[in-house]
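What follows is a short report on a single structure.
Residue numbering restarts at 1 for every chain, and letters A, B, ... go by the order of the sequence lines.
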Number of protein chains: 2
Amino acid sequence: MNDKEKALIEAKANILKALGHPTRLWMAEQLAGGERCVCELAENIDADFSTISKHLTILKQAGVVIDEKRGKQVYYKLKVPCILNFMPCVEAVLQANAQTHIDLLK
Amino acid sequence: MNDKEKALIEAKANILKALGHPTRLWMAEQLAGGERCVCELAENIDADFSTISKHLTILKQAGVVIDEKRGKQVYYKLKVPCILNFMPCVEAVLQANAQTHIDLLK
DNA sequence: TGCATATATGGTAGTTTGACCAAATATAAA
DNA sequence: TTTATATTTGGTCAAACTACCATATATGCA
């Protein structure tokens with residue numbers, strides 16, 4: 001693997017890593033339904049505001065979301081909406097895992 | 001968010017997290033081309049064998065891959081092949097990010 | 001059986017992450 | 001301009017991650 005390929009795979013892994021935290025994945029799923037301000041997201045997350053803000057920063061740095069300040073509030077939205085298209089497949093993995101457990105019990 | 005929803009999002013995030021490491025993502029991409037034994041994967045990774053083995057264990061525990069021992073070797077393959085279907089979109093994010101940088105330079 | 005090969009596991013050290021608190025910044029309203 | 005609200009930033013600390021080394025296990029062959 002050369003340097004270019006390595007940089008590419010690192011960049012891609014970084015995006016998946018950004019989505020690989022429950023709070024951040026939940027945020028992304030919320031944003032799939034349209035933009036939200038930080039306060040709206042915060043309503044349903046049991047964590048410090050600063051924690052929420054940092055999670056959003058990570059999503060932003062990964063390029064998953066973009067933000068826009070309007071008045072006192074900051075609105076976030078998905079930068080490339082297709083980013084959640086693969087969730088059905090992620091769920092298929094969960095299904096397959098569950099099936100494995102069931103099989104083990106037989 | 002209730003307990004069930006929380007458990008679901010955690011399970012999904014865990015899968016993304018497993019793929020959110022360059023070495024593991026690379027492995028998954030290799031396996032998209034068909035099963036490989038550990039030694040074949042190791043050929044192209046500059047890391048200790050034990051490290052490689054542990055990465056594969058993480059993918060296995062996440063349910064992304066399954067393994068099968070045949071003779072002296074252990075073969076790994078994707079458990080649910082669609083898991084890499086979204087890479088084009090991940091790449092679209094990278095494209096969008098690159099575009100943002102270009103725009104900033106204008 | 002004894003040895004070499006393939007892979008996994010246990011232990012350890014350095015690095016990164018994630019949560020909270022406190023403080024800073026920005027904006028709108030009084 | 002003072003005040004309240006919305007969000008971000010900096011600091012700290014415990015927990016989790018990752019890499020390496022050494023060691024253990026399993027299998028096929030001599």
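- Minimum atom distance to the side chain of K69(A) is reached by dA26(C), of the listed dA26(C), dG10(C), dA22(C).
- Of the listed nucleotides (dA19(C), dT9(C), dT17(C)), dT9(C) has the atom at the smallest distance from the side chain of T57(B).
- Note that the two end axes of the helix from dT1(C)-dA30(D) to dA30(C)-dT1(D) enclose an angle of 20°, each drawn from 5 base pairs, rounded to 10 degrees.
- Residue K72(B) is the one, among K72(B) and S50(B), whose nearest nucleotide of DNA chain C lies closer to the 5' end (criterion: closest heavy atom).
- One can place CG of D48(B) at 17 Å from P of dG11(C), the figure rounded to the nearest angstrom.
- T57(A) places a side-chain N or O within 3.5 Å of a backbone atom of S53(A) that can act as its donor or acceptor partner.
- One can place CG of D46(A) at 17 Å from P of dG18(C), the figure rounded to the nearest angstrom.
- The residue T23(A) sits apart from the nucleic acid: no heavy atom pair falls under 4.0 Å.
- For the atom pair NZ (K77(B)) and SG (C37(B)), the distance works out to 14.5 Å, reported to the nearest 0.5 Å.
- At distances below 3.5 Å, not a single donor-acceptor pair connects side-chain atoms of Q61(A) with backbone N or O atoms of I58(A).
- Separating the OH atom in Y75(A) from the CZ atom in R36(A) is a distance of 11.0 Å, to the nearest 0.5 Å.
- Mapped onto DNA chain D by nearest heavy atom, A47(B) and C37(A) fall at different nucleotides, with C37(A) at the one closer to the 5' end.
- Looking at Y76(A) and L59(A), their side chains never come closer than 4.5 Å, going by heavy atoms from C-beta outward.
- When heavy atoms are screened at a 4.0 angstrom cut-off, Y75(A) is found touching no nucleic acid atom at all.
- Here K54(B) lies in heavy-atom contact (under 4.0 Å) with a base.
- At the heavy-atom level, K17(B) lies under 4.0 Å from the strands shown only through sugar-phosphate atoms.
- The shortest side-chain heavy-atom distance between L41(A) and L56(A) falls under the 4.5 Å cut-off.
- The salt bridge (charged side-chain N to carboxylate O under 4.0 Å, His left out) analysis of residues 8-27 of chain A, with sequence neighbours excluded, yields the pairs K12(A)-E29(B), K12(A)-E91(B).
- With a 4.5 Å cut-off on side-chain heavy atoms, I83(A) and L78(A) count as touching.
- The side-chain heavy atoms of C89(B) and V80(A), taken from C-beta on, include a pair separated by under 4.5 Å.
- Residue H55(A) places no side-chain N or O under 4.0 Å from the OP1 or OP2 atom of dT17(C).
- A straight line from CG of N14(B) to C1' of dT17(C) spans 15 Å, rounded to a whole angstrom.
- Look at T51(A) and you'll find a side-chain N or O under 4.0 angstrom from OP1 or OP2 of dC20(C).
- Rounded to whole Å, atom C1' of dT15(C) lies 12 Å from atom NE2 of H21(B).
- Residue R70(B) is classed as having no contact, given no heavy-atom separation below 4.0 Å to the nucleic acid.
- Looking only at side-chain heavy atoms (C-beta outward), L84(B) and L31(B) stay at 4.5 Å or farther from each other.
- Nucleotides of DNA chain D lying under 4.0 Å from heavy atoms of chain A occupy a range whose first and last members, 5' to 3', are dT5(D) to dG11(D).
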